[in-house]
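Step one of this worksheet: look at the structure below.
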Amino acid sequence: MLLTLAVTASVVLTACSGLRSESDTAVVNSAATPRLTLDTTVKYGNLYKDGLLPVGDNKYVLDQARAGYVYVCPKYAHALTTAPPIGANVPGPWFSADRQWYDPSKKVHVEGHVHHEDAEFSETVGHSHIITTNDIPRFHTTGVFPISPTDVAFSYDQNPNEIDEQNLTYVLPVAPSYGEPQCVGHEVGVMLSGVVLYTALDATGRDAGAWEVQDDCDGHPELTSTYHYHTGSPCMPTASTTEVLGYALDGHPITGAKIDAENVLTTRDLDECHGITSTVNVNGQSVEMYHYVLTADFPYTVSCFRGRPIASPSVTGREHEPPPSPH
């Protein structure tokens, strides 16, 4: 019998095929791979409480996972090195003079607060963990896209794309595997807001959180009209390490970073895939398991997979193509 967690208007559930890594190597059994575990006796501190964040431009690797970097699959890496500079081309006043730091509180945002009444989302857990969404955020508004030439944001990012409904189904394992890091493509998961999650990188391998101008909820659409995040969204409540905010394509949950007010996990506290093992509230039960953490600093979230990912349900990768003229 299926345990239904949330159901809205009818959504057709279709299976997604499994996806092997680029190297087509098997995921190593968890017993053979040591895990980083949260130590509740350690004072992790609150490293970025002043609000300034380091810029993660070109922090990606192609051959081996590395903490603080995105481990990119070869076929996606080609786009990062050949794509022309598109979208956000002008560094805004939120950057430091040397562009090594940025202040998110000083970023401009795309104007508008569009209420979407047509969000569809469902989640069921049985033999598989199935999430379906039309990618319309169900908890918050969006900005007005395409960005208008009269919008201040247009001076920094001329995103010509619009938001449109998608038809996405994620068939995830209930008990995800854990093993050696697997490389990532553009999409890395889906949030419980119903919105797709991409990596921290923009089209040319820069820090998308620092460069791209999004709406007030830190989301924006790409060429296929898929609305997505690259970072956490301020329109979702600040979550603890026990709270699930979404799921990666390999089935592992994505949680918040907060232990308490003075203890907030950052990249330096996590493994090379931006995760850690600790107690997480999953389907109403406290479970000791591996999970990814949504941090304030680059690479923000999933930077490689610890389990075998499913094929991306969304048509990703188009963000790395030159956009059509806004005219």
Side-chain angles (χ1 to χ4, degrees), residues 19-30 32-39 42 44-45 47-48 53-83 99-102 176-189 197-211 230-232 241 248-250 252-255 257 264-278 290-309 312 316-317 320:
L19 174 67
R20 301 184 73 86
S21 71
E22 288 290 313
S23 61
D24 203 34
T25 55
V27 173
V28 177
N29 184 277
S30 60
T33 307
R35 305 187 189 210
L36 178 66
T37 302
L38 183 68
D39 186 345
V42 170
Y44 290 93
L47 186 60
Y48 299 112
L53 299 176
V55 176
D57 286 357
N58 301 312
K59 294 191 72 172
Y60 62 90
V61 291
L62 309 179
D63 54 350
Q64 183 177 338
R66 178 180 174 187
Y69 289 70
V70 180
Y71 179 23
V72 179
C73 293
K75 74 176 184 178
Y76 298 103
H78 176 72
L80 299 178
T81 58
T82 59
R99 298 186 192 173
Q100 298 301 302
W101 298 84
Y102 77 104
S177 59
Y178 174 93
E180 294 297 327
Q182 309 289 297
C183 60
V184 297
H186 304 302
E187 181 183 359
V188 292
L197 180 65
Y198 281 12
T199 72
L201 302 174
D202 77 352
T204 57
R206 299 175 305 179
D207 182 340
W211 281 90
H230 291 275
T231 66
T241 56
L249 295 182
D250 63 2
H252 288 291
I254 301 168
T255 75
V264 181
L265 297 180
T266 61
T267 298
R268 68 176 183 177
D269 307 313
L270 304 172
D271 71 5
E272 57 266 52
C273 289
H274 217 64
I276 199 166
T277 295
S278 68
Y290 181 82
H291 58 98
Y292 303 104
V293 180
L294 199 60
T295 64
D297 62 326
F298 187 94
Y300 309 113
T301 183
V302 185
S303 55
C304 56
F305 294 118
R306 278 294 189 178
R308 176 139 0 256
S312 169
T316 56
H320 292 254

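Below, each value reflects all heavy atoms present in this structure, side chains not excepted, and no hydrogens, waters or symmetry copies.
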Inset, instruction - Would you give the length of the straight line joining atom OG1 of Thr255 to atom CG of Leu38, rounded to the nearest 0.5 angstrom? - result: 9.5 Å
Inset, instruction - Indicate yes or no for a side-chain donor-acceptor contact from His230 to the backbone of Thr199 under 3.5 Å, with no hydrogens or angles considered. - result: yes
Inset, instruction - Looking only at non-hydrogen atoms, find the nearest pair between Pro181 and Tyr71 and report the distance. - result: O-CE2, 3.9 Å
Legend entry - Side-chain ion pair, Asp57 and Arg99, N-O less than 4.0 Å: no
Inset, instruction - Please determine, by modelled atom types, if Tyr102 and Asp207 share a side-chain donor-acceptor pair under 3.5 angstrom. - result: no
Inset, instruction - With side chain to side chain contact (heavy atoms under 4.5 Å, CB included) as the test, would you mind laying out the steps for Asp250 and Val302 before giving the verdict? - result: CA-CA 10 Å; Asp250 63 2; Val302 185; over 6 Å; no
Inset, instruction - Please check if the side chain of Tyr69 supplies one atom and the backbone of Gly56 the other of a donor-acceptor pair under 3.5 Å. - result: no
Inset, instruction - Enter the distance from Ser278:OG to Arg35:CZ here, rounded to the nearest 0.5 Å. - result: 11.5 Å
Legend entry - Least distance between heavy atoms, Thr267 atom then Pro299 atom: OG1-CD, 3.7 Å
Inset, instruction - Give, for atom SG of Cys304 and atom CG of Asp271, the distance between the pair rounded to the nearest 0.5 Å. - result: 6.5 Å
Legend entry - CA sep, side-chain torsions, deciding dist, call: Ile276, Val293, side chain to side chain contact (heavy atoms under 4.5 Å, CB included): CA-CA 7 Å; Ile276 199 166; Val293 180; 4.1 Å; yes
Inset, instruction - Apply the side chain to side chain contact (heavy atoms under 4.5 Å, CB included) test between Glu272 and each candidate in Gln64, Arg66, Arg306; give the one that qualifies. - result: Arg306
Legend entry - His274 and Thr301 side chains, donor-acceptor separation under 3.5 Å: no
Legend entry - From CG (Leu270) to CG (Leu36), nearest 0.5 Å: 7.0 Å
Legend entry - Residues Phe298, Val70; criterion side chain to side chain contact (heavy atoms under 4.5 Å, CB included); working and verdict: CA-CA 9 Å; Phe298 187 94; Val70 180; 4.2 Å; yes
Legend entry - Minimal non-hydrogen separation, Ile254 against Leu197, with atom names: CD1-CD2, 3.7 Å
Legend entry - Short side-chain donor-acceptor distance under 3.5 Å, Thr266 and Asp297: no
Inset, instruction - Report yes or no: does Tyr44 contribute a side-chain atom to a donor-acceptor pair with the main-chain N or O of Asp39 at less than 3.5 Å? - result: yes
Inset, instruction - To the nearest 0.5 Å, tell me how far Thr241 OG1 sits from Leu294 CG. - result: 12.5 Å
Inset, instruction - Verify the ring-centre separation between His186 and Tyr76: is it less than 6.0 angstrom? - result: yes
Inset, instruction - Write down the atom of Gly209, the atom of Tyr300, and the distance for their closest heavy-atom approach. - result: CA-OH, 3.8 Å
Legend entry - His252 versus Tyr292, closest heavy-atom pair with distance: CB-CE1, 3.5 Å
Legend entry - Nearest atoms (heavy-atom pairs only) where Trp211 meets Arg206: CE3-NH1, 3.2 Å
